[in-house]
> 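Handing you a structure now.
All residue numbers in this chain count up from 1 along the given sequence.
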Amino acid sequence: QVTLEETGGGSVQAGGSQRLSCVVSKDIVGRHACTAWFRQAPGKEREGVAMIFAGSGNTNYAAPVKGRFTISQDNAKNTVYLEMNNLKPEDTAVYYCAARLWTCSRDSWDRPAEFNYWGQGTQVSVSS
């Protein structure tokens with residue numbers, strides 16, 4: 001049973017754009033408090049990129065992507081998006097969608113251990 005399914009990603013040149021999508025399955029819709037995008041580059045720890053509260057739509061961003069990435073959601077489609085603009089080579093990573101049940105905190109949204117469900121990940125490669 002797939003709970004979170006990411007699509008999008010691929011290769012792009014620096015300065016380009018990509019959009020990732022994450023479909024949240026019906027078995028957790030209504031129970032999840034927030035959805036986030038994380039990324040993990042080779043040899044590095046998984047890091048939070050952006051988070052959106054399921055109810056209010058309020059968002060949080062990591063400093064390296066603020067102003068370039070936008071997280072949004074379409075509740076009718078149970079889908080969360082990550083629009084990435086002005087991509088840089090250092091954005092190259094596997095991007096993961098994650099969901100947390102019941103409550104989310106602005107203070108800990110970027111901690112992978114806080115999230116209950118994960119997608120399989122999608123590769124984003126940015127060349128210079």
> Would a 4.5 Å heavy-atom cut-off, applied to side chains only, mark R106 and N58 as touching?
yes
> Flag the pair R68 / D91 as yes when at least one side-chain heavy-atom distance between them is below 4.5 Å, and no otherwise.
yes
> So which pairs with a foot in residues 10-50 pass ring pair (Phe, Tyr, Trp, His ring centres under 6.0 Å), sequence neighbours left out?
F38-F115, F38-W118
> Is it true that a side-chain atom of T122 and a backbone atom of G8 form a donor plus acceptor pair closer than 3.5 Å?
yes
> How about S125 and Q123: does a side-chain donor come under 3.5 Å of a side-chain acceptor?
yes
> Measuring from atom CG of L20 to atom OG1 of T7, what distance do you get when rounded to the nearest 0.5 angstrom?
8.0 Å
> If you look only at distance, which donor and acceptor atoms sit under 3.5 Å apart when one is on a side chain in residues 10-19 and the other is two or more places apart or in another chain?
| unit_1 | atom_1 | unit_2 | atom_2 | d |
| --- | --- | --- | --- | --- |
| S17 | OG | N85 | OD1 | 2.8 |
| Q18 | NE2 | G10 | O | 3.4 |

> Would you kindly confirm whether W109 and W102 end up in one hydrophobic cluster when ILVMFWY residues are joined by side chain heavy atoms under 4.5 Å apart?
no
> Count I, L, V, M, F, W, Y as connected when their side-chain heavy atoms are under 4.5 Å apart, and connections chain through other members. Are Y95 and V65 then in the same cluster?
yes
> May I ask whether L101 and L4 are part of the same hydrophobic cluster, defined by side-chain heavy atoms of I, L, V, M, F, W, Y residues being less than 4.5 angstrom apart, directly or through others?
yes
> Just wondering, do I52 and C34 contact through their side chains at under 4.5 Å, heavy atoms?
no
> Where do T79 and V24 land on the side-chain contact (heavy atoms from CB on, under 4.5 Å) test, with the steps shown first?
CA-CA 6 Å; T79 302; V24 180; over 6 Å; no
> Between R39 and A93 (side chain of the first, backbone of the second, donor and acceptor by atom type, cut-off under 3.5 Å), is there such a pair?
no
> Roughly how far apart are R100 CZ and M51 CE, rounded to 0.5 Å?
10.0 Å
> How long is the span from the NZ atom in K88 to the OG atom in S128, to the nearest 0.5 Å?
13.5 Å
> Please determine whether side-chain contact (heavy atoms from CB on, under 4.5 Å) holds for the pair N78 and K26, giving the CA-CA distance in whole Å, both sets of side-chain angles, and the decisive distance to 0.1 Å.
CA-CA 8 Å; N78 296 334; K26 294 180 179 180; 4.2 Å; yes
> Nearest 0.5 Å, what's the SG-CD distance between C104 and E114?
8.5 Å
> Would you check if T3 and D27 make a side-chain contact, meaning some heavy-atom pair closer than 4.5 Å?
yes
> In the structure I gave you, are the side-chain heavy atoms of F69 and E83 within less than 4.5 Å of one another anywhere?
no
> Kindly determine whether T35 and C97 satisfy side-chain contact (heavy atoms from CB on, under 4.5 Å), including the steps that lead there.
CA-CA 7 Å; T35 309; C97 178; 3.6 Å; yes
> Output, in order, the C-alpha distance, side-chain angles, deciding distance and verdict of side-chain contact (heavy atoms from CB on, under 4.5 Å) for Q73 and Y81.
CA-CA 6 Å; Q73 61 190 4; Y81 303 98; 5.9 Å; no
> Please check this pair: side chain of E6 against backbone of G121, looking for a donor-acceptor N/O pair closer than 3.5 Å.
yes
> Between T92 and V126 (side chain of the first, backbone of the second, donor and acceptor by atom type, cut-off under 3.5 Å), is there such a pair?
yes
> Would you say the side-chain atoms of Y61 pair up with the backbone N or O of I71, donor to acceptor, closer than 3.5 Å?
yes
